[in-house]
> 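Got a structure for you, questions after.
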Amino acid sequence: MMKDLQKEFTFDLQIKNYSKRTIETYNYNLDQLINFMKEQYDVADLEDISTLHIKKFIQYQMEVGNKSNYTNTMIKSFRAFYNYLVSEEHVSHNIMAKIKLLKEEKVVIKTFTDKEVAKMIEVYDFKSYLNARNKVIIAMFVDTGLRMSELINLHCSYLNETNMRVLGKGSKWRYVPISLMLKKYMIRFERIKEAYFKNKSLEHDNYFLSRSGKPLTGVQIQNIVREAGVKAKVREEIRCSPHTLRHYSIQSNLRNGLDLYSCSKIAGHENIQVTKRYLQGIETENILEMASRTSPLMNL
């Protein structure tokens, strides 16, 4: 019964155009709950699951050492599932209504220094198609703060002279500016790309393509960033990933004086509170430097 409703829920998510990753997360979390109910309480029927069972599941997650952030992701998955069940009248009572999110630890993500980012961009040159592509990938992450999925799905037709259209979370479009330096890199890359594929018929409009003309995968992008980090000798405690580059980009915008609202819009955050979290990672010396630039007396 539960498995059938889970399939129905998954189909509904697909219709609503949720990302493959989100759907996989929801299903994984629901599988965890279903297995827990069978093993601990021998419960397989949806109607037999109560709010107390959910609380016991949350307690179990804490006992095995899972962090509140991780457990909250599970709670959100269950909320979405039960909201669907109520809307479709599969259940009359939403057992998740009284389940509150756990208080999360404030995690300050350490990111790259300006020097490390400059060295990462320098790792790749314009002497070959792959090198040029990789260089522009790093530069675009730094300049725009795109999510990895957004960069993978960036099409040539989305690009304008000074900005790009980006398809973000929840299938929402937004516009992201392209700096003059990134534009310079892109023009050079596009010339190399055109020459590289001139005798090949391309089936895909993706801006970044593999050597064979196919869209890049997440693993390929992660490897490009990781390799740049290793060759640039980035500190070992820094995770060299597309998300860390996005984090750097957003923090850099804030450090350079971009207001929270504009930064939130460019980053594609649901609300300004998400963007505020990035302020937590800005070091004291950066805050002092920002304050010196905005000194009321100096700006009279």
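Because the structure is predicted, anything quoted here is derived from the model rather than measured.
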> Is the number of heavy atoms from other residues, nucleotides or ligands under 6.0 Å of K183 NZ greater than 12?
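Buried by this count: over 12 neighbours within 6.0 Å.
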> Taking the side chain as every heavy atom from C-beta outward, state whether H243 and T111 have any atom pair closer than 4.5 Å.
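SC-SC contact between H243 and T111 ruled out.
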> Do R246 and R147 have side-chain heavy atoms sitting under 4.5 Å apart?
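The answer is yes, as the side chains (C-beta and beyond) meet within the 4.5 Å cut-off.
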> For a 4.5 angstrom cut-off between non-hydrogen side-chain atoms, does K214 reach Q220?
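Of all side-chain heavy-atom pairs linking Q220 with K214, none is under 4.5 Å.
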> Using the rule given for ring pair (Phe, Tyr, Trp, His ring centres under 6.0 Å), can you reason through Y207 versus F189, listing the C-alpha separation, both sets of side-chain angles and the distance that settles it, and then say yes or no?
CA-CA 10 Å; Y207 189 67; F189 163 65; 5.3 Å; yes
> Does a side-chain heavy-atom distance below 4.5 Å link H53 with D48?
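Heavy-atom side-chain distance check fails, nothing below 4.5 Å.
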> Run the side-chain donor-acceptor check on residues 227-234: report pairs under 3.5 Å with partners two or more places apart or on a different chain.
from, atom 1, to, atom 2, distance (Å)
E227, OE2, K231, NZ, 2.8

> Are more than 12 heavy atoms, taken from residues, nucleotides or ligands other than R235, located less than 6.0 Å from that residue's CZ atom?
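Buried by this count: over 12 neighbours within 6.0 Å.
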> Share the residues that join F11 in a hydrophobic cluster, the rule being Ile, Leu, Val, Met, Phe, Trp or Tyr side chains under 4.5 Å apart at the heavy-atom level.
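I15, all in the cluster of F11.
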> Answer yes or no: is there a donor N or O on one side and an acceptor on the other, between the side chain of N206 and the main chain of I152, under 3.5 Å?
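Side chain of N206 to backbone of I152: a pair is present.
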> Test E24 against K20 for side chain to side chain contact (heavy atoms under 4.5 Å, CB included), laying out the working first.
CA-CA 6 Å; E24 285 173 354; K20 186 181 176 184; 3.3 Å; yes
> As an exercise, state the distance from CG of L260 to OG1 of T275, rounded to the nearest 0.5 Å.
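So the CG of L260 and the OG1 of T275 are separated by 6.5 Å.
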> Can you measure from NZ (K56) to CZ (F36) and round to the nearest 0.5 angstrom?
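Spacing of NZ (K56) from CZ (F36) equals 8.5 Å.
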> Could you tell me whether the side chain of T10 and the main chain of Q6 form a donor-acceptor pair under 3.5 Å?
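Yes, T10 side chain to Q6 backbone: donor-acceptor pair under 3.5 Å.
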> Kindly say whether the aromatic ring centers of Y248 and F141 come within a distance under 6.0 Å.
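For Y248 and F141, the ring centres are not under 6.0 Å apart.
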> Hydrophobic cluster membership, with links at side-chain heavy-atom distances under 4.5 Å among I/L/V/M/F/W/Y: are I34 and Y60 in one?
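I34 clusters together with Y60.
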> Counting heavy atoms not belonging to E270, are there more than 12 under 6.0 Å from its CD?
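It does not: E270 CD has 12 such atoms or fewer within range.
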> Using a 6.0 Å cut-off, check whether atom CD of E203 has over 12 heavy atoms from anything other than its own residue.
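Atom CD in E203 is not packed in, count stays at 12 or less.
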> Flag the pair L13 / Y84 as yes when at least one side-chain heavy-atom distance between them is below 4.5 Å, and no otherwise.
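The answer is no; the side chains never approach within 4.5 Å.
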> Should I266 and W173 be regarded as members of a common hydrophobic cluster, given that ILVMFWY residues are connected when their side-chain heavy atoms come within less than 4.5 Å of each other, either directly or indirectly?
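Yes: a chain of side-chain contacts under 4.5 Å links I266 to W173.
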> Please determine which of E104, K103, K100, K67 meets the side-chain hydrogen bond (donor to acceptor under 3.5 Å, both in side chains) test together with N72.
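Looking at E104, K103, K100, K67, the match for N72 under the side-chain hydrogen bond (donor to acceptor under 3.5 Å, both in side chains) is E104.
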> Side chains of H90 and E8, heavy atoms from C-beta outward: is any pair under 4.5 Å?
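Side-chain contact under 4.5 Å: yes.
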> Could you check whether the rings of F126 and Y185 sit parallel, tilted or perpendicular, using 30° and 60° as the cut-offs?
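Ring orientation of F126 relative to Y185: tilted.
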> Just wondering, are more than 12 heavy atoms of other shown residues or ligands nearer than 6.0 Å to OH in Y18?
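No, because the 6.0 Å sphere around OH of Y18 holds 12 heavy atoms or fewer from other groups.
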> Nearest 0.5 Å please: distance from the OG atom of S264 over to the CG atom of L258.
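So the OG of S264 and the CG of L258 are separated by 10.5 Å.
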> Does any part of the side chain of R255, heavy atoms only, come nearer than 4.5 Å to the side chain of S252, both counted from C-beta?
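With C-beta onward as the side chain, the pair touches.
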> Any side-chain to backbone donor/acceptor pair from K135 onto Y124? Under 3.5 Å, distance only.
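Checking the backbone N and O of Y124 against the side chain of K135, a donor-acceptor pair under 3.5 Å is found.
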> Check residues 159-172 and write down every donor-acceptor pair under 3.5 Å in which the side-chain atom is one partner and the other belongs to a residue at least two apart or another chain.
from, atom 1, to, atom 2, distance (Å)
N160, ND2, N163, OD1, 2.7
S171, OG, N17, ND2, 2.7

> We want to know whether T244 and H247 form a side-chain donor-acceptor pair, criterion being a heavy-atom distance below 3.5 angstrom.
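The answer is no; no qualifying pair exists.
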> Indicate yes or no: at least one non-hydrogen side-chain atom of I58 is less than 4.5 angstrom from one of I54.
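When only atoms from C-beta onward are counted, I54 and I58 do touch, with a gap below 4.5 Å.
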> Please report the shortest heavy-atom distance between S249 and G145, naming the atom on each side.
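The answer is OG-N, 3.2 Å.
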> Could you give the distance from CG (L216) to CZ (R133), rounded to the nearest 0.5 Å?
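Answer for the CG-CZ pair, L216 versus R133, is 5.0 Å.
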> Report the residues that fulfil ring-ring contact (aromatic ring centres under 6.0 Å, His included) with F112, sequence neighbours left out, ordered by chain and then residue number.
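Expected list: none.
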> Going hydrophobic residue to hydrophobic residue with side-chain gaps under 4.5 angstrom, can you get from L146 over to V274?
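No, separate clusters.
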> Find out if a path of hydrophobic residues (ILVMFWY) with successive side-chain heavy-atom gaps under 4.5 Å connects M140 to Y175.
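No, it is not one cluster - the side chains of M140 and Y175 are not joined through contacts under 4.5 Å.
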> If the condition is salt bridge (Lys or Arg N to Asp or Glu O under 4.0 Å), which residues does D12 pass it with, not counting sequence neighbours?
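D12 satisfies salt bridge (Lys or Arg N to Asp or Glu O under 4.0 Å) with K16 only.
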> Is it the case that the side chain of N94 and the backbone of M96 share a donor-acceptor pair, with hydrogens and angles ignored and the cut-off at 3.5 Å?
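The answer is yes, because a donor-acceptor pair under 3.5 Å joins these two groups.
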> When V91 is tested against each of L85, I49, L5 for side chain to side chain contact (heavy atoms under 4.5 Å, CB included), which residue passes?
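Of the listed residues L85, I49, L5, the side chain to side chain contact (heavy atoms under 4.5 Å, CB included) partner of V91 is L85.
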> Pair S77, Q32 - check side chain to side chain contact (heavy atoms under 4.5 Å, CB included), show working.
CA-CA 11 Å; S77 298; Q32 296 295 302; over 6 Å; no
> Take M62 and L102 through the side chain to side chain contact (heavy atoms under 4.5 Å, CB included) test and state the conclusion after the steps.
CA-CA 10 Å; M62 294 167 74; L102 304 176; 4.3 Å; yes
> So how far is it from L209 CG to C156 SG, rounded to the nearest 0.5 Å?
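The SG atom of C156 is 7.0 Å from CG of L209, to the nearest 0.5 Å.
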> Side chains of residues 39-47: which donor-acceptor partners sit under 3.5 Å, not counting sequence neighbours?
from, atom 1, to, atom 2, distance (Å)
D45, OD1, E47, N, 3.2

> Counting only heavy atoms not in I187 (residues, nucleotides, ligands), do more than 12 fall under 6.0 Å from its CD1?
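For I187, atom CD1 is crowded (more than 12 foreign heavy atoms under 6.0 Å).
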> How many angstroms lie between NZ in K55 and CD1 in I99, if you round to the nearest 0.5 Å?
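It is 5.5 Å, given to the nearest 0.5 Å.
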> Any link between I250 and L151 through a network of hydrophobic side chains (Ile, Leu, Val, Met, Phe, Trp, Tyr) touching at under 4.5 Å?
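Result: no, two separate clusters.
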> Take L30 and F9 through the test side chain to side chain contact (heavy atoms under 4.5 Å, CB included) and record every step on the way to the result.
CA-CA 11 Å; L30 286 170; F9 172 60; 3.9 Å; yes
